[in-house]
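Below you'll find the structure, written out as C-alpha cells, and then a few comments.
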Amino acid sequence: MQIAVLGTGGVGRALAGRFAALGHDVIMGTRSPEATLERDDHREWAAANPSVALAGYADAAAGAEIVVNATSGDVSLDVLGAAGAANLDGKVLMDLSNPLDFSAGFPPTLFVKDTDSLGERIQAAFPSARVVKTLHTMNNSVMVDPGAVGGGDHTVFVAGDDADAKGVVTGLLTAMGHTDVLDLGDISASRGTEMMMPIWLRLMSALGTAEFNFKIVRN
Ligand SMILES: NC(=O)c1ccc[n+]([C@@H]2O[C@H](COP(=O)([O-])OP(=O)(O)OC[C@H]3O[C@@H](n4cnc5c(N)ncnc54)[C@H](OP(=O)(O)O)[C@@H]3O)[C@@H](O)[C@H]2O)c1
C-alpha cells in the first residue's frame, strides 16, 4: 500500500520504518524536506531506511492511500490543513496524536477532553477523510514491536466512524504483530483513550520505562 506518514519525530520514524520493512511504499511528510534532511537524527535514520521518501506535507499525502498523522497534537489540524483536504478525501487517516499541552511544563495537561477530543476535531475538520484513532496509548517502540513487551499480550484500541477504514487499520496493526485489537466504536471513543494519557505518564514514572502497555482482561 502507499502510505504517507506525516511528521518526522520518534513516532513518524518508527511507523515509517516498520511499514517500509513490511513492504509498503512509504513517504514521510515534513514541513521542510531541506531542513529535515539537514537534521543529524533524520540523516542517520534515512541512511538506514533508504526506501522511505521525504516530501512536503501536501506532496506526501497526494499519492497516498493511507495517511498517518504522527505530529504534535497542538499542530495536527494545521499540518493536516497543509496536507490539504483534497489529498485526504476518502482516505484512511490513522490518527496517532495526543492533545498534550506542555505550556505549563511537565507533566502536560490535555487541551481538549471530556466532552470533545482531538480525534473528533480532526474528523470534523476533514469530514471526507476516514479517521481511525489508534496506537496513541503506547510508546512508539511498542507500536511497531508489540512482541517486545510481555510477549505481545496487550491491547491496541481502534476508534472511528468508518468500519472499512478500521478494517484496513486493523490489518496494518496485525501485520505489525498486534494480537488484541479492540474496536471501541465511533470516533468519540477518542475522548476516553486520549484521557488515558495522564495515567500513562504516571505509569511511565512509576515503572521507570516507556516500554509497557495496557491489557484489557475479559472473558
Ligand atoms: N513519542 C511517542 O512514543 C508517542 C506515543 C503515542 C502517541 N504519540 C503522539 O504522536 C505524535 C507524534 O509524537 P512524536 O513523539 O513523534 O512527536 P515529535 O517528536 O514532537 O514530532 C512531532 C512532529 O510534528 C511535526 N510538526 C509540524 N509542525 C510543527 C510545529 N509547528 N511544531 C512542532 N512540530 C511540528 C514535526 O514534523 P516535521 O518537523 O517533520 O514537520 C515533528 O516531527 C504526538 O501527537 C504524540 O503525542 C507519541
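Bear in mind that the values here come from a model prediction, so they are computed numbers and not experimental data. Each ligand, and each atom within it, is numbered from 1 in the order the structure gives. The analysis underlying the following values was restricted to heavy atoms, covering all of them including side chains, and did not include hydrogens, waters or symmetry mates.
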Is the shortest distance from a Lys or Arg side-chain nitrogen in [X] or [Y] to a carboxylate oxygen in the other one below 4.0 Å?
X: Asp183; Y: Lys166; value: yes
X: Asp41; Y: Arg13; value: yes
X: Lys215; Y: Asp153; value: yes
X: Asp161; Y: Lys133; value: no

Measure the distance from [atom] to every protein heavy atom, then report the residue, atom name and distance (to 0.1 Å) of the closest one.
atom: atom 6 (C) of ligand 1; value: Met138 O, 3.2 Å
atom: atom 12 (C) of ligand 1; value: Ala70 O, 3.4 Å
atom: atom 45 (O) of ligand 1; value: Thr71 O, 2.7 Å
atom: atom 9 (C) of ligand 1; value: Leu96 O, 3.3 Å
atom: atom 27 (C) of ligand 1; value: Tyr57 OH, 3.1 Å
atom: atom 21 (O) of ligand 1; value: Gly9 CA, 3.7 Å
atom: atom 4 (C) of ligand 1; value: Val11 CG2, 3.4 Å
atom: atom 30 (C) of ligand 1; value: Arg31 NH1, 3.1 Å

List ligand 1 atoms under 4.0 Å from [X], heavy atoms only on the residue side.
X: Thr30; result: 38 (P), 39 (O), 40 (O), 41 (O)
X: Gly73; result: 45 (O)
X: Gly10; result: 16 (O), 19 (O)
X: Val79; result: 27 (C), 28 (N)

Geometric N/O contact [X] with ligand 1, under 3.5 angstrom:
X: Leu100; result: no
X: Asn139; result: yes
X: His136; result: no
X: Gly7; result: no
X: Ser97; result: no

Strictly under 4.0 Å, does any heavy atom of Met143 approach an atom of ligand 1? yes
Is the ring pair His42/Trp45 parallel, tilted or perpendicular, if the boundaries are 30 and 60 degrees? tilted
Neighbour count >12 (heavy atoms, 6.0 Å) for atom CZ, Arg39: yes
Using distance alone, with no hydrogens and no angle criterion, decide if Glu194 and Asn98 have a side-chain donor and acceptor under 3.5 Å apart. no
Can a donor-acceptor pair be found between the side chains of Ser97 and His136 at a distance below 3.5 Å? no
What verdict does the side chain to side chain donor-acceptor pair (under 3.5 Å) test give for Ser76 and Thr71, after you've listed the backbone C-alpha separation in whole Å, the side-chain angles of each residue and the deciding distance to 0.1 Å? CA-CA 6 Å; Ser76 288; Thr71 64; 2.9 Å; yes
Scanning both residues in full, the closest heavy-atom pair of Ala70 with Val11 reads CB-CG1, 3.8 Å
Between Val75 and ligand 1, which residue portion shows a heavy-atom distance shorter than 4.0 Å: side chain, backbone, both, or neither? side chain
Is there a donor-acceptor contact under 3.5 Å from the side chain of Arg191 to the main chain of Lys113? no
